[in-house]
Structure formats: structure tokens, C-alpha cells
Amino acid sequence: MAQRLLGLGDNTVDTYVDRGLQFPGGNAVNVAVQARRLGAETGYLGCIGSDEAGMLLSDALRREGVDATRCRIRLGPNARAFIGHDGQDRRFLRSERGVRGEWGTFDAEDRAYIAGFDLVHSSIYSELGDALPVVRGAARRLSYDFSERWTDANLAATLPAVDIAFLSHPSASDAECRVLLERCIGWGAGMVVATRGVKGALALMAGSFHEQPASPAIVVDTLGAGDGFIAACLLAILDGAGIAAALTAGAERAAQVCGYQGGFGHGVAWTPAETTAI
């Protein structure tokens with residue numbers, strides 16, 4: 001039986017201002033799509049705008065076979081990130097929040113929907129706020145990506161609710177990274193993984209550290225590589241693989257995602273006249 005994974009929270013339309021392209025994306029969306037491509041049954045629950053960016057996102061989810069029937073469609077612009085590039089590496093310029101975070105109430109049907117998945121994945125960009133305890137109460141297992149926006153305060157506040165935590169820490173030394181992971185376990189996470197770009201990844205679980213080198217990649221675009229890592233790592237864990245095998249699966253998927261533009265493709269043309277000027 002296929003594993004069931006729900007991406008809950010953030011979405012965006014990644015707008016490549018230097019290339020005139022836009023792509024559906026966002027951590028929770030990307031993880032759901034990548035997990036679907038790897039054979040899982042997946043859903044996405046988030047707030048989608050009523051504009052052309054929201055339609056791009058909704059259409060991509062439908063084409064990828066990700067269930068989005070419980071998404072909130074809100075009147076207004078979808079979230080959008082404006083991105084430049086240094087070679088093939090992306091550089092975030094600014095973002096527009098749009099309708100992100102306009103959750104409303106999680107009712108009994110929402111909670112039952114969440115409970116129907118083996119694992120729920122969310123992120124620091126999802127603006128769950130007071131709804132996080134509701135999600136935690138309904139979810140069988142919860143994973144959470146802090147990206148590079150983690151602080152001691154948000155780690156300490158969020159990790160007690162999290163089974164598997166991901167964060168990005170590419171600039172840290174090995175020793176600094178190990179100290180951070182130990183602190184995350186102390187704050188309540190069952191397992192924590194730090195992705196480190198070309199340095200690979202480091203994980204801590206059950207008192208043991210596990211190192212994973214980055215897999216070789218032909219780099220077209222680095223956007224979404226970390227989300228691909230998360231999706232493959234989570235599915236391997238759900239399938240009962242050991243942590244070493246899960247990290248290897250994540251690294252291999254991240255390398256594959258680097259081979260195309262956007263978090264999962266579906267790019268269309270974009271011009272500045274289609275949204276707020278840069």
C-alpha cells in the first residue's frame with residue numbers, strides 16, 4: 001500500500017525576473033509533488049489566491065495528481081517570490097505574501113482529512129500560528145522545515161510538536177552543526193536533519209549522528225532541491241528504511257531536482273506587467 005503524505009501550509013509562485021518565467025512552488029507544495037512522483041498518495045492543504053498565479057498553482061497540482069480538494073481559495077493575489085540567479089544558484093529578491101495565512105477555522109472535516117495521512121509536512125513559511133496545535137492533534141506524525149529562518153525562539157516553541165525537523169545550516173562548521181542538532185533534540189524533536197548544500201546533510205536520531213554527502217548533480221537550477229531531499233527522506237522513513245538509507249534517498253532526489261528549472265517544472269512565461277513592479 002502506498003504511503004500517504006500531506007503537504008500543509010505554504011505555497012508560492014516562484015518568479016524568475018531575470019529569465020521571464022514563473023513556476024508553482026513553496027515548500028509544502030514541492031514536498032507533496034515530489035512525494036507523489038516517488039509513488040506516494042499525496043494531498044496539499046493551503047491558501048490559494050484567486051488570481052492567475054493561483055490558477056497556475058492549482059492546475060499544476062491537478063496535473064501532478066496531488067489532491068487539493070480542501071484548499072482554501074481566497075479572493076486576492078497568491079503568494080509570490082521574486083528570484084534572481086547567480087549562475088545556476090537562485091537568489092531571493094523579495095516576496096509578496098498574498099493570501100498566505102488566511103486559514104480560518106480547521107473544522108472537523110479538515111481534522112479528519114489531516115488524520116487520514118501517514119504524515120503531515122509543514123514549514124516555517126506556512127503561518128499556522130494558533131492552528132499548529134490543532135494540526136498536531138490531528139496528524140499521526142508531523143514533519144516541519146525551518147529552512148534558514150530558524151531562531152532559538154522559534155525552535156524552542158515549535159519542536160515539542162514535531163516528530164521530524166529539517167533546517168538549513170550551510171555556513172556552519174561540523175562542530176557547530178552538531179551542537180545545534182543536539183539542542184533541537186533537547187527541545188523535543190524526535191529526529192532532526194540539517195541540510196548543508198554542497199556539504200551534504202547531517203542528522204541526529206536516538207543519540208547517533210549520521211553524515212550524508214551531497215550526491216553528484218548536473219545543476220540547471222538549485223530551487224526546490226532541499227524540498228526534494230525532504231520528500232524522499234520522509235518516504236523512506238515511512239517505508240521503514242533506516243536513517244542512513246533515508247538520507248541517501250534524500251541526497252539522490254535533491255540531485256535530480258537540480259536538473260530542471262523550478263521546484264517541479266510547469267513553468268510559464270512572466271512579464272512584470274502581470275503583477276506588482278519589481
Side-chain angles (χ1 to χ4, degrees), residues 1-14 23-48 54-73 78-79 100 103 106 109-126 128 131-132 134-136 138-145 147 162-166 191 193 195 223-241 245-246 249-250 252-254 256-257 260 262-266:
M1 180 181 296
Q3 301 291 350
R4 288 177 52 79
L5 182 148
L6 176 66
L8 188 153
D10 66 304
N11 69 70
T12 192
V13 169
D14 294 311
F23 298 87
N27 176 264
V29 167
N30 291 343
V31 170
V33 169
Q34 293 295 339
R36 177 68 181 136
R37 289 182 174 182
L38 289 166
E41 295 180 7
T42 66
Y44 170 69
L45 174 54
C47 302
I48 298 176
M55 289 188 286
L56 171 64
L57 183 73
S58 296
D59 182 64
L61 289 168
R62 179 187 57 78
R63 291 164 65 188
E64 290 288 340
V66 175
D67 178 64
T69 54
R70 296 207 66 81
C71 280
R72 279 81 160 136
I73 307 300
N78 202 81
R100 183 177 59 205
W103 288 102
F106 282 82
E109 291 184 357
D110 288 324
R111 297 193 297 273
Y113 180 71
I114 291 168
F117 291 87
D118 300 303
L119 183 142
V120 176
H121 175 78
S122 192
S123 84
I124 197 168
Y125 299 103
S126 299
L128 287 171
L132 180 59
V134 178
V135 172
R136 171 68 276 186
R140 300 184 194 178
R141 301 176 77 177
L142 178 66
S143 69
Y144 195 93
D145 182 21
S147 186
V162 173
D163 297 298
I164 305 170
F166 296 88
M191 170 183 169
V193 181
T195 54
L223 188 75
D227 302 336
F229 181 103
I230 290 171
C233 182
L234 290 175
L235 289 190
I237 291 170
L238 289 175
D239 284 336
E252 291 175 350
R253 191 64 180 182
Q256 293 170 11
V257 175
Y260 51 80
F264 56 95
H266 298 275

Distance-minimising heavy-atom pair for [X] and [Y]:
{"X": "Ala35", "Y": "Ala231", "value": "N-CB, 3.8 Å"}
{"X": "Ile114", "Y": "Ala138", "value": "CG2-CB, 3.8 Å"}
{"X": "Tyr125", "Y": "Arg100", "value": "O-CD, 3.3 Å"}
{"X": "Gly265", "Y": "Phe23", "value": "O-CD2, 3.4 Å"}
{"X": "Ala254", "Y": "Phe229", "value": "CB-CB, 4.1 Å"}
{"X": "His266", "Y": "Pro24", "value": "O-CD, 3.5 Å"}

Taking salt bridge (charged side-chain N to carboxylate O under 4.0 Å, His left out) as the test, write out the residues that go with [X], two or more places apart.
{"X": "Asp59", "value": "Arg62, Arg63"}
{"X": "Arg253", "value": "none"}
{"X": "Arg70", "value": "Asp107, Glu109, Asp110"}

*Could you walk me through whether Phe166 and Asp227 pass the side-chain contact (heavy atoms from CB on, under 4.5 Å) test, one step at a time?*
CA-CA 10 Å; Phe166 296 88; Asp227 302 336; over 6 Å; no
Checking [X] now: which residues fulfil side chain to side chain contact (heavy atoms under 4.5 Å, CB included) with it, not counting sequence neighbours?
{"X": "Ala165", "answer": "Phe146, Leu159, Val162, Ala189, Val192"}
{"X": "Arg140", "answer": "Asp118"}
{"X": "Ser126", "answer": "Asp10, Ser122, Ser123, Leu128"}
{"X": "Ala241", "answer": "Ala236, Ala245"}

Return the set of residues passing side-chain hydrogen bond (donor to acceptor under 3.5 Å, both in side chains) with [X] (not counting sequence neighbours), or none when no residue passes.
{"X": "Thr195", "value": "none"}
{"X": "Gln3", "value": "Asp239"}
{"X": "Tyr144", "value": "none"}
{"X": "Asn78", "value": "Asn11"}

*Evaluate side-chain contact (heavy atoms from CB on, under 4.5 Å) for Asn27 paired with Ile230, printing each intermediate quantity in order.*
CA-CA 9 Å; Asn27 176 264; Ile230 290 171; 4.0 Å; yes
_Interatomic spacing from CZ in Phe264 to CD in Gln34 - rounded to 0.5 Å_ = 8.5 Å
*asked:* Nearest 0.5 angstrom please: Thr12 OG1 to Asn30 CG, how far?
replied: 10.0 Å
[X] side chain to [Y] main-chain N or O, any donor-acceptor pair under 3.5 Å?
{"X": "Asp163", "Y": "Leu142", "value": "yes"}
{"X": "Arg111", "Y": "Phe106", "value": "yes"}
{"X": "Arg141", "Y": "Leu238", "value": "no"}

*Using the side-chain contact (heavy atoms from CB on, under 4.5 Å) rule, pick out the option among Val120, Val193, Ile164 that qualifies with Ser143.*
Ile164
*Can you list the steps and then say if Ile48 with Met55 is a side-chain contact (heavy atoms from CB on, under 4.5 Å)?*
CA-CA 8 Å; Ile48 298 176; Met55 289 188 286; over 6 Å; no
*Only counting residues at least two apart or in another chain, list the ones meeting ring-ring contact (aromatic ring centres under 6.0 Å, His included) with Phe117.*
Tyr113
